[in-house]
Structures are given as structure tokens and as C-alpha cells.
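Okay, structure first, notes after.
Worth saying up front: this structure is predicted, and the values here are computed from it rather than measured.
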Amino acid sequence: MTNLHRHAPLRVALVGLGTVGGGVIRLLNTNGDLIARRAGCPIQIVAISARDRNKDRGVDLSPYEWVDDMNSFATRDDVDVVVELIGGSDGPALTLARQCLIAGKPFVTANKAMLAHHGLDLARLAEKGGIALKYEAAVAGGIPVIKGMREGAAANEISRVYGILNGTCNYILTTMEKEGRGFDEVLKEAQELGYAEADPSFDIDGVDAAHKLTILASLAFGTELDFDAVATTGIRDVIAADIAEAAALGFRIRLVGMAQNGADGLFQRVHPMLVPLDHPLAHVDGSLNAVVAEGNFVGRLFFQGRGAGDGPTASAVVADLIDVARDEYGDAFAMPVAALTPQNTADAGARIGRTYLRFMVQDRPGVLAEIAAATRDAGVSIESMIQRGAHQEDGVLVAIVTHAGEERCIRDTLERLAGSDSLLGTPMVMHILD
């Protein structure tokens, strides 16, 4: 049964006219009739706002009212829902979100940073007003992972959620893998192609993935968002030799965000990992994203698709608008805020697993014996140790794969080797995905 003849158009104020904002306009223009049939009413942008009124955005903005004060949308009677696409964890985006929700205005956002830091407060406001706070576009672009976790897997106890959550990092790592080039060279190319920002820190240092993981963990486990508890390591220190060693061992390197809830608390980490070739994440290439959720009745769920860009992200934004048009709201984090539980941070040192360790060392006798002694004294069991020849001017590469053991033993090994004049630079630690 359609609502098309029972509802007036859903009137949208669009704030932010960058890549995604332009994509939303193009999508509504292209698929407007189909969207109206699915939503039960037309979805129409009636007003827009952005920093620069004169910038050419490649779409015709003349049909829409330009508004300089975006905060006025919160109280305008001719606006039914506000879409925020300006980004930033605080500042104008947060002010707009709060004003809209306090005023009882449904709010759609792609802002993962704001949600990771302030999601509970915003969810409380939405809950108090009985209105929608929607954010499908905030995690993994066009992949419907938020809806999948919040609705499709709602009957399951989720034991673990993890995945490739940043397309920039995945593009860099898979290009290094395929072409044998170094990180700096591939990053520069990614910036020239538009895959990486001029300042890529949020992406390559793992912060963007950590924001997304914070949201997924709350949805998966019914826990309060805790961004500060995410142990975050990026990909700056991954070198071509690491990728070659991983390939020789039957792995590929991916930046993986992982969350797991247990009796000892909530574990959250973003970290480059060695992924076995028989795992589906090993075959997620380029700028694609993928999320894995493991449920006690449904088993392994695997979501994969384009995680960024105008088309995929706009698709997620408009899907949220369709839900608003249908009056399909639900709690922002799958249950009332009062039902979300605070969790202790699990001790990563107690986790059991295999680990890859890479050292750059002086080319002299006794170095392998020194490393072997440190691992022995720390209780690390070595599965394999490989020494490669001189690595340009950077010394000799030594790569170790351990047997399964407690992560605290890896930390102890590195502490025992700290300050050794045999080591050149900081060792690289990558855990192996089980």
C-alpha cells in the first residue's frame, strides 16, 4: 500500500554542498519518481546552505532557496527534515544537530566524527522528542551496514564486528601490494587522484576508521559509544617489504577495525593486520569497504561495497530520507539510550593470537640471537624467523611470525629490546586475523 496520495512532499533542507551534497541533488533528480513511490511521497529539497555561495558544484542550484543561516532550518515550518553534510565533530555541525533535535526536527547526517564523540547526547535528544536521528551514510558509504546491524541482525547476539572501514587506506595498501611501491609514493598518487585528502592524517592514522568502529560497536553490543577506548594505529609505517613478507606467508595486509565484547570488557582496535588469503577481507581491494558481523544464530554476515564517493554516500543519505518519509525511525543505536551499557575496556594484553613482528637491524653478528633471547625471555614462541639481505641504507630486515600467545608477551619483547643499538627505528607489529 502506498502513501503517495496521503502525504505531501517531504521537504528537505540540505546543509553542505560538497561531493556528497551534490550527489544527493543528482540522485533525487535522477531517481525522484522511483524514490517517491518507495517513500510514499515525493522527497524535495526546498532550501540549501553552504560556506561558499558562488562555488561551482556541477549541479543546478537555482531551484533551491539559498540560506546563509543554516541554524534557521531548525525552526522553519516549511522544512520537515535537515540533512547535514558539513562534517566535523564539533562546531557548526554539532550546533545544528542539537538545535534541530531540540526543536523536534528529524536529522540525517553522514558525520561519523560527531556521532562517535557526541552520539549519546544526540540520541537522547532524538529519543526525548520522538524524532529520527539517521546516519546510514556515516559508516561505510553506500553499504547498508547500519540498517543491517540495527534491523536485520537485531535478533542475534553479536560476538564480534570487524572490517575494512577506510577506503583511502585500502587503496594505498592494495596498490602497494599489486605494484610493489612504497607508502609515500602511493600516498602522493592517491592525493593526486583525489582518493586521499591534502592532509590525509585522519585516514592514514586510523582516526576515521576508529570513528566508524565506535558506532558499529555500540550497535553490535548495545554498549555506550567510547571512542577514547579505541586503540588506534594507522598505516604510515607499513613498508613494501612488509607486504612482500605477508604475501610470502599467505597473507595480505589490511587496516582492520575490530570490536569484541566479553566478560573482561569491550575490546576496540584499529590496526594493520595480516589477513589470511582464504578470508573474504583479503579480497577487498581498492577503495572498497567491508564489514563482518558474527551472530550466534545468523552466523557470519559480510557487507561489501563502495565506502565513499558521491554516489554511494548519497544513496545512503536518501535511504535515510525514505525512512523519515515512511515514519520509520527506531532508536538511533538500536535501543533506548538508557539501555546502552557502559563497559570497561578489555585488556588487550590478555588476547590470544599470532603476531607478525618486523625489525630493521644492524648488519652484524649476534643480532638474531639478541632478538631470539628477548622473545624467549618474554614467553613468545617463534613459528618462523626470516632474515633478508641489506634493505638499501636501512639495514637488514628480520621478520618473525609467532605461535598463538598472549599479546602482553609481544609488548614485553619490545620492552626488552628497547634501547638496543642493534635496532634501527621502531619495530612493526601486526597481529594476524584468526
Side-chain angles (χ1 to χ4, degrees), residues 3 10 12 39-40 74 80-84 89 93-94 96-140 143-161 165 211-227 229-230 259-261 266 268 291 293-298 301 303 316-343:
N3 293 328
L10 183 75
V12 178
D80 300 313
V81 56
V82 174
V83 174
E84 179 270 311
S89 60
L94 182 59
L96 178 66
R98 285 174 171 160
Q99 290 188 358
C100 287
L101 295 172
I102 289 170
K105 191 83 67 179
F107 194 76
V108 174
T109 181
N111 193 334
K112 81 281 290 185
M114 181 176 69
L115 291 166
H117 289 280
H118 304 288
L120 291 183
D121 290 338
L122 296 178
R124 287 189 188 97
L125 292 174
E127 193 176 311
K128 182 178 180 180
I131 55 174
L133 171 61
K134 308 288 284 185
Y135 55 90
E136 184 67 61
V139 179
I143 309 172
V145 65
I146 300 299
K147 188 178 288 287
M149 296 287 292
R150 185 166 50 195
E151 300 172 18
N156 282 257
E157 179 178 350
I158 305 297
S159 59
R160 186 167 64 157
V161 60
L165 303 176
H211 285 145
K212 297 169 184 175
L213 182 67
T214 301
I215 296 166
L216 288 175
S218 180
L219 284 171
F221 310 125
T223 54
E224 293 183 354
L225 294 100
D226 191 359
F227 172 77
V230 183
Q260 191 165 359
N261 199 28
L266 177 61
Q268 299 178 93
V291 176
E294 297 173 352
N296 62 339
F297 272 70
V298 75
L301 295 172
F303 304 86
V317 169
V318 175
D320 280 345
L321 290 173
I322 291 171
D323 278 353
V324 173
R326 293 169 170 170
D327 290 332
E328 294 177 359
Y329 290 2
D331 297 303
F333 295 99
M335 60 183 69
V337 174
L340 298 172
T341 58
Q343 285 287 70

Hey, are the side chains of [X] and [Y] touching, using non-hydrogen atoms and a 4.5 Å cut-off?
X	Y	answer
Asp80	Val12	no
Leu96	Val82	yes
His118	Arg98	yes
Glu84	Phe107	yes
Val108	Leu321	yes
Leu94	Ser89	no
Val161	Glu294	no
Asn296	Ile158	no

Provide the closest heavy-atom pair for [X] versus [Y] in the form atom of the first, atom of the second, distance.
X	Y	value
Ala39	Arg326	O-CG, 3.7 Å
Ala110	Ala137	CB-CB, 3.7 Å
Leu225	Ser218	CG-CB, 4.0 Å
Lys212	Ala138	CG-O, 3.8 Å
Pro106	Val324	CB-CG1, 4.2 Å
Ala220	Met149	CB-CE, 3.5 Å

Report yes or no: does [X] contribute a side-chain atom to a donor-acceptor pair with the main-chain N or O of [Y] at less than 3.5 Å?
X	Y	value
Asn156	Val298	yes
Asn111	Met114	yes
Thr214	Ala116	no
Lys112	His211	no
Tyr135	Ala332	yes
Glu136	Val145	yes

message = Under the criterion ring pair (Phe, Tyr, Trp, His ring centres under 6.0 Å), I'd like the reasoning laid out for Phe333 against Phe221: C-alpha separation, chi angles, the key distance, then a yes or no.
response = CA-CA 10 Å; Phe333 295 99; Phe221 310 125; over 10 Å; no
request  = Kindly indicate, with the supporting measurements, whether the criterion salt bridge (Lys or Arg N to Asp or Glu O under 4.0 Å) is fulfilled by Lys147 and Asp323.
outcome  = CA-CA 11 Å; Lys147 188 178 288 287; Asp323 278 353; 2.6 Å; yes
Side-chain polar contacts of residues 122-132 - donor-acceptor pairs under 3.5 angstrom, sequence neighbours left out - could you list them?
| from | atom 1 | to | atom 2 | distance (Å) |
| --- | --- | --- | --- | --- |
| Arg124 | NH1 | Asp121 | OD1 | 2.9 |
| Glu127 | OE1 | Val337 | N | 3.0 |

ask   = Just checking, is any N or O donor in the side chain of Asp226 or Gln343 under 3.5 Å from an acceptor N or O on the other one?
value =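 No pair is found: no donor N or O on one side chain lies under 3.5 Å from an acceptor on the other.
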message = Just checking Glu157: does its CD atom have more than 12 heavy atoms from other residues, nucleotides or ligands closer to it than 6.0 angstrom?
response = no
key: Separation between CG of Leu133 and CG of Asp331, rounded to the nearest 0.5 Å   = 10.5 Å
message = To the closest 0.5 Å, what do you measure between CD (Glu328) and CG (Asp320)?
response =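 Glu328 CD to Asp320 CG: 11.0 Å, rounded to 0.5 Å.
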query = Does the pair Leu340 and Thr223 meet the rule for a side-chain contact (heavy atoms from CB on, under 4.5 Å), with working shown?
reply = CA-CA 5 Å; Leu340 298 172; Thr223 54; over 6 Å; no
